[in-house]
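Remarks on the structure that follows.
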Amino acid sequence: MTYDLDINSAIIEPDELKKWSWIICARELVRTAATTQDVTITQQLDAGVRYFDLRIAHKTNDPDPNKFYFYHGLCTRTDVETVLRDINDWAEKHPKEILILALSHFKDFNEELHQSLIKSIKTVFGAKLRNKVSTQDPFPTLKSCWDKGTNVIVSYDHSANQEPELWPGIKYYYGNSMDPATIESKLESALHKRGSKAQDFFVCGLNLTLPEDTGVLKYILNPCDKLTNVIKRSLPRMLQWLKQQYSQTPYMNIVASDLVTCDDFVSTVVQLNWPQ
């Protein structure tokens, strides 16, 4: 949802910049650094994206206690329920497409707000929600999802999640670096340790990660080379690594990236599912 970040939002993260929220230039810098997708969520779905990493915030002093927003540095302009209804409409029109929504971070939440959000999720998707894995219900196949009409999987990574309709958090492996070689090395190590027999979802994240120290300024203050350009330059190499890695140890599971609709990312991942 980072294409929808609101320049009028207060700075949600990093904590060091919150005090500068009143300065529009500071908010502009945060939005530039935090925008990691450049097309709408419907366009992402149409392009073939089936997994979404979603972070949810409740705005402090919001007069509507039941309204939530996505966030990544700043909050989005569009509220969570509106976007979930758009996703639900798309899922309704494409019943054989399985969508995975991973809610992984919650900002300024308490137990009551968690219950309100969970209730909203269950109301929006209703019978489309695929129940989490249990000993009685093994890891779902495509056919079982199609037969039951359950083509939406929601992962809710918080202890407040006690609902059978919501899955636990999905492990996200990433390199925590701006260097593609470092990312590749760390992901290879994580994938080999995990092996091929685990019967749960996990994410192989090809995304670059900005430094948490002053090194971040190199990427957000450079007027001649925007962060999005740095990301785009890394994608061809990362995709080549993905293909090579898959041919050697094919247990990628979910593959995620920034600017996911660029450089044949989706088509490359889809092709890996076909017999070689």
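For this chain, numbers begin at 1 and follow the sequence in order.
The cluster map of Ile, Leu, Val, Met, Phe, Trp and Tyr, joined by side-chain heavy atoms under 4.5 Å apart, puts Val80 and Tyr71 in different clusters. Criterion: ILVMFWY side-chain heavy atoms under 4.5 Å apart, direct or through other members. Under it, Phe52 and Leu117 are part of a common hydrophobic cluster. One hydrophobic cluster, built from ILVMFWY side chains closer than 4.5 Å, cannot hold both Val39 and Val83; they sit in different ones. Val152 and Ile41 fall within the same hydrophobic cluster, defined by Ile, Leu, Val, Met, Phe, Trp and Tyr side-chain heavy atoms under 4.5 Å apart, directly or through other members. A continuous path of hydrophobic side-chain contacts links Ile183 to Val269 [ILVMFWY only; heavy atoms under 4.5 Å].
In plain terms, the two heavy atoms of Leu99 and Ala91 that are nearest each other are CD1-CB, 4.0 Å. Nearest heavy-atom pair, Leu129 versus Glu165, reported as atom, atom and distance to 0.1 Å: CD1-CB, 3.9 Å. Here the closest heavy-atom approach between residue Ala127 and residue Thr150 is recorded as O-CG2, 3.4 Å. The two residues Leu187 and Cys204 come nearest to each other via the heavy atoms CD1-SG, 3.9 Å. The heavy-atom pair separating Cys262 from Leu235 by the smallest distance is CB-CD1, 3.9 Å. Nearest approach of Ala47 to Val266, heavy atoms of both residues: O-CG1, 3.2 Å.
Between Val124 and Glu81 there is a side-chain heavy-atom pair separated by less than 4.5 Å. Taking the side chain as every heavy atom from C-beta outward, Leu242 and Val255 approach each other to under 4.5 Å. When side chains are defined from C-beta on, Lys59 counts as touching Tyr69, because their heavy atoms get closer than 4.5 Å. Annotation: side chain of Asp157 is not in contact with side chain of Ile170 (no heavy-atom distance under 4.5 Å). Proximity of Gln244 to Glu184: side-chain heavy atoms (C-beta onward) are nowhere separated by under 4.5 Å. The shortest distance between side-chain heavy atoms of Lys107 and His58 does not fall below 4.5 Å. In this structure, Asn151 and Cys145 have side chains that are not in contact, with every pair of non-hydrogen atoms separated by 4.5 Å or more. For the pair Ile87 and Phe125, the minimum side-chain heavy-atom distance is below 4.5 Å.
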Handout entry: side chain to side chain donor-acceptor pair (under 3.5 Å) between Thr36 and Asn207, worked out
Key = CA-CA 9 Å; Thr36 55; Asn207 46 293; over 6 Å; no
Exercise for the section: Please lay out, stage by stage, how Ile98 and Trp146 fare under the test side-chain contact (heavy atoms from CB on, under 4.5 Å). Expected result: CA-CA 9 Å; Ile98 311 303; Trp146 295 341; 4.1 Å; yes
Exercise for the section: Go through the steps to decide whether Leu84 and Leu101 satisfy the test side-chain contact (heavy atoms from CB on, under 4.5 Å), and finish with yes or no. Expected result: CA-CA 10 Å; Leu84 294 184; Leu101 314 182; 4.2 Å; yes
Exercise for the section: Begin from the C-alpha positions of Arg55 and Asp53 and carry the test side-chain contact (heavy atoms from CB on, under 4.5 Å) through to its verdict. Expected result: CA-CA 7 Å; Arg55 305 176 181 202; Asp53 175 24; 3.6 Å; yes
Practice task
Would you check, one step at a time, whether the test side-chain contact (heavy atoms from CB on, under 4.5 Å) holds for Arg237 with Gln240?
Solution key: CA-CA 5 Å; Arg237 170 177 175 153; Gln240 185 59 36; 5.7 Å; no
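Remark: Lys143 engages Asp147 in a salt bridge, criterion side-chain N to carboxylate O under 4.0 Å. With salt bridges taken as basic N to acidic carboxylate O contacts below 4.0 Å, none links Arg31 and Asp4. Ion pairing between a basic and an acidic side chain is recognised when a charged N comes within 4.0 Å of a carboxylate O; Glu92 and Lys128 show such pairing.
Rounded to the nearest 0.5 Å, atoms CE (Met1) and NE2 (His72) are 13.0 Å apart. One distance of note links CD1 of Ile100 with CZ of Arg50; it measures 11.0 Å at 0.5 Å rounding. We find the CD-CD distance between Gln43 and Gln37 to be 11.5 Å, quoted to the nearest 0.5 Å. Distance check, rounded to the nearest 0.5 Å: CG of Leu206 to OG of Ser234 gives 8.5 Å. Here the straight-line distance linking atom OG1 of Thr35 with atom CG of Leu5 works out to 5.0 Å at 0.5 Å rounding. Residue Arg233 holds its CZ atom at 14.5 Å from CE of Met238, rounded to the nearest 0.5 Å.
A donor-acceptor pair shorter than 3.5 Å cannot be found between the side chains of Thr76 and Asp6. Inspection of the Asn66 and Ser116 side chains reveals an N or O donor paired with an N or O acceptor under 3.5 Å. Side-chain polar atoms of Glu188 and Ser185 form no donor-acceptor pair below 3.5 angstrom.
Proximity of a side-chain donor or acceptor of Asn253 to a complementary backbone N or O of Phe202 within less than 3.5 Å is detected. In terms of modelled atom types and a separation under 3.5 Å, the side chain of Ser267 and the main chain of Asp264 share a donor-acceptor contact. A donor-acceptor contact shorter than 3.5 Å is absent between the side chain of Asn229 and the backbone of Ile231. Remark: side-chain polar atoms of Glu13 are paired, donor with acceptor, to backbone N or O of Gly73 under 3.5 angstrom. Although no hydrogens or angles enter the test, the distance criterion places a donor-acceptor pair under 3.5 Å between the side chain of Ser9 and the main chain of Cys75. Listed for the Thr123 side chain is a donor-acceptor partner under 3.5 Å among the backbone atoms of Lys119. Not one N or O on the side chain of Ser177 forms a donor-acceptor pair closer than 3.5 Å with the backbone of Thr182. Judged purely by atom type and a 3.5 angstrom limit, Glu163 has no side-chain atom pairing as donor or acceptor with the backbone of Ala160. Counting only distance, with no hydrogens or angles, the side chain of Asp86 and the backbone of Thr42 share no donor-acceptor pair below 3.5 Å.
Ring orientation note: the planes of His94 and Trp90 are close to parallel, at an angle under 30° on the 30°/60° scale. Relative orientation of the His114 and Tyr156 rings is perpendicular, given thresholds of 30° and 60° on the angle between their planes.
Aromatic ring centres of Phe201 and Tyr51: separated by at least 6.0 Å.
Screening Ile12, Ile7, Leu17 against Val30 for a side chain to side chain contact (heavy atoms under 4.5 Å, CB included) leaves a single residue, Leu17.
Note that Lys186 lies outside the cation-pi zone of Tyr173, set by a 6.0 Å cut-off to the ring centre and a 45° limit from the axis.
Tyr174 OH: 12 or fewer foreign heavy atoms inside a 6.0 Å radius.
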